[in-house]
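One structure is given below, encoded as structure tokens.
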Amino acid sequence: MKSKNLPWIIFAFFAIAIGLYPLIYYIFDMHGKGLWRSKTEELLENTIWHTAFYIHITFGGIALLTGWTQFNRRLREKYLNTHRLIGKIYVPSVFLSSIAGFYIAFFAYGGIASTLGFGALATLWFFTVLKAYTSILKRDFKQHENWMIRNYALAFAAVTLRLWLPFSQAALHMEFITAYRIISWLCWVPNLIIAEIIVNKRASFESGVLSPKS
């Protein structure tokens with residue numbers, strides 16, 4: 001295995017692992033566990049919230065599982081029809097998951113800080129996939145790719161959330177509620193910053209400002 005492939009393998013591993021994570025909510029009784037441990041019985045019995053939660057995790061999982069393949073240029077160019085098919089699955093999945101995510105953000109554990117953090121994430125996730133979709137309708141492939149980079153960085157918040165939470169408690173010994181409020185922002189803001197760096201570096205390569213070795 002080439003060392004340059006290691007980041008890609010790690011990226012794919014976490015995308016698949018967390019993409020499959022919603023299955024445990026269908027297979028096991030998760031009351032008092034996972035994302036439900038901070039929810040009240042009243043909320044868990046609310047049909048609208050319950051439906052929105054399952055829409056959010058199900059289609060969010062599908063987005064994670066399908067989206068990572070779109071960033072391998074060789075796969076994309078070799079299997080163009082498959083790329084388009086996956087896009088037709090990915091885009092509606094993000095639309096549905098982000099809308100449901102915006103709704104359940106109003107019930108986020110940790111109060112207004114968490115609601116604003118997850119609400120902003122859902123809004124930006126919806127906005128960036130809309131921009132990616134309208135860009136491809138205009139056949140603006142570069143902007144489509146750029147918006148998809150931003151969008152999947154936001155989708156990857158599902159992964160970074162689950163990395164930051166145990167780290168904040170095991171390594172930093174933070175109270176769960178404090179950690180959750182911070183991570184409602186930390187799970188996606190750095191991701192989006194990295195995405196912007198990648199987009200800007202791509203633009204610099206294309207304009208000749210940077211060499212590929214920069």
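Counting begins at 1 with the first residue of the sequence.
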Validation row: Q70, Y152 side chains within 4.5 angstrom (heavy atoms): no
I198 and I194, any side-chain heavy atoms less than 4.5 Å apart: yes
Would you be so kind as to tabulate the donor-acceptor pairs closer than 3.5 Å made by side chains of residues 176-185, with sequence neighbours excluded?
| from | atom 1 | to | atom 2 | distance (Å) |
| --- | --- | --- | --- | --- |
| R181 | NE | G110 | O | 2.8 |
| S184 | OG | R181 | O | 2.6 |
| W185 | NE1 | A113 | O | 3.1 |

For F102 against A122, the heavy-atom pair lying closest together: N-CB, 3.5 Å
Interatomic distance, Y133 atom OH to K138 atom NZ [nearest 0.5 angstrom]: 12.5 Å
Name of the residue among L43, T115, N46 meeting side-chain contact (heavy atoms from CB on, under 4.5 Å) with F107: L43
Neighbour count >12 (heavy atoms, 6.0 Å) for atom CD1, I27: yes
Where L172 and S168 come nearest, the two heavy atoms and their spacing: CB-O, 3.2 Å
Student check: side-chain heavy atoms of R202 and I149 closer than 4.5 Å: yes
Aromatic ring proximity W147/F127, centre distance under 6.0 Å: yes
L154 side, atom CG; C187 side, atom SG - distance, nearest 0.5 Å: 9.5 Å
Pair F95 + F126: ring centers closer than 6.0 Å: yes
Between H56 and W49, ring centroids under 6.0 Å: no
Candidates N151, L192, T123 - the one meeting side-chain contact (heavy atoms from CB on, under 4.5 Å) with T128: N151
Shared hydrophobic cluster for F59 and I48 (ILVMFWY, side-chain gaps under 4.5 Å): no
Centroid separation H83 to Y79 less than 6.0 Å: no
Nearest-0.5 Å distance that lies between atom NE2 in H31 and atom CH2 in W36: 5.5 Å
Stepwise side-chain contact (heavy atoms from CB on, under 4.5 Å) test for T47 and H50: CA-CA 5 Å; T47 303; H50 203 263; 5.6 Å; no
Could you tabulate the donor-acceptor pairs under 3.5 Å formed by side-chain atoms of residues 6-26, not counting sequence neighbours?
| from | atom 1 | to | atom 2 | distance (Å) |
| --- | --- | --- | --- | --- |
| Y25 | OH | L35 | N | 2.7 |
| Y26 | OH | T58 | OG1 | 2.5 |

Polar side-chain atom of S97 near backbone of S93 as donor-acceptor pair, under 3.5 Å: no
Joint cluster assignment, L96 & L64, ILVMFWY side-chain distance < 4.5 Å: no
Nearest non-hydrogen partners of A52 and A100, listed with the distance: O-CB, 3.3 Å
Shared hydrophobic cluster, L121 / F53 (ILVMFWY, side-chain heavy atoms < 4.5 Å): yes
Interatomic spacing from NZ in K131 to CG in L124 - rounded to 0.5 Å: 13.0 Å
Qualifying residues under side chain to side chain donor-acceptor pair (under 3.5 Å), relative to E196, sequence neighbours excluded: R150
Common cluster, F156/L161, ILVMFWY with side-chain heavy-atom separation under 4.5 Å: yes
Whether W188 side chain and G117 backbone form a donor-acceptor pair below 3.5 Å: yes
Note, F141 side chain near S135 side chain (heavy atom, < 4.5 Å): no
Value rounded to 0.5 Å, distance of CD1 in I99 from CD1 in I104: 13.0 Å
ILVMFWY network linking Y90 to I62, side-chain heavy atoms under 4.5 angstrom: no
Considering all heavy atoms, the nearest N191-A153 contact: ND2-O, 3.0 Å
Closest non-hydrogen atom pair, G87 against P92: O-CD, 4.1 Å
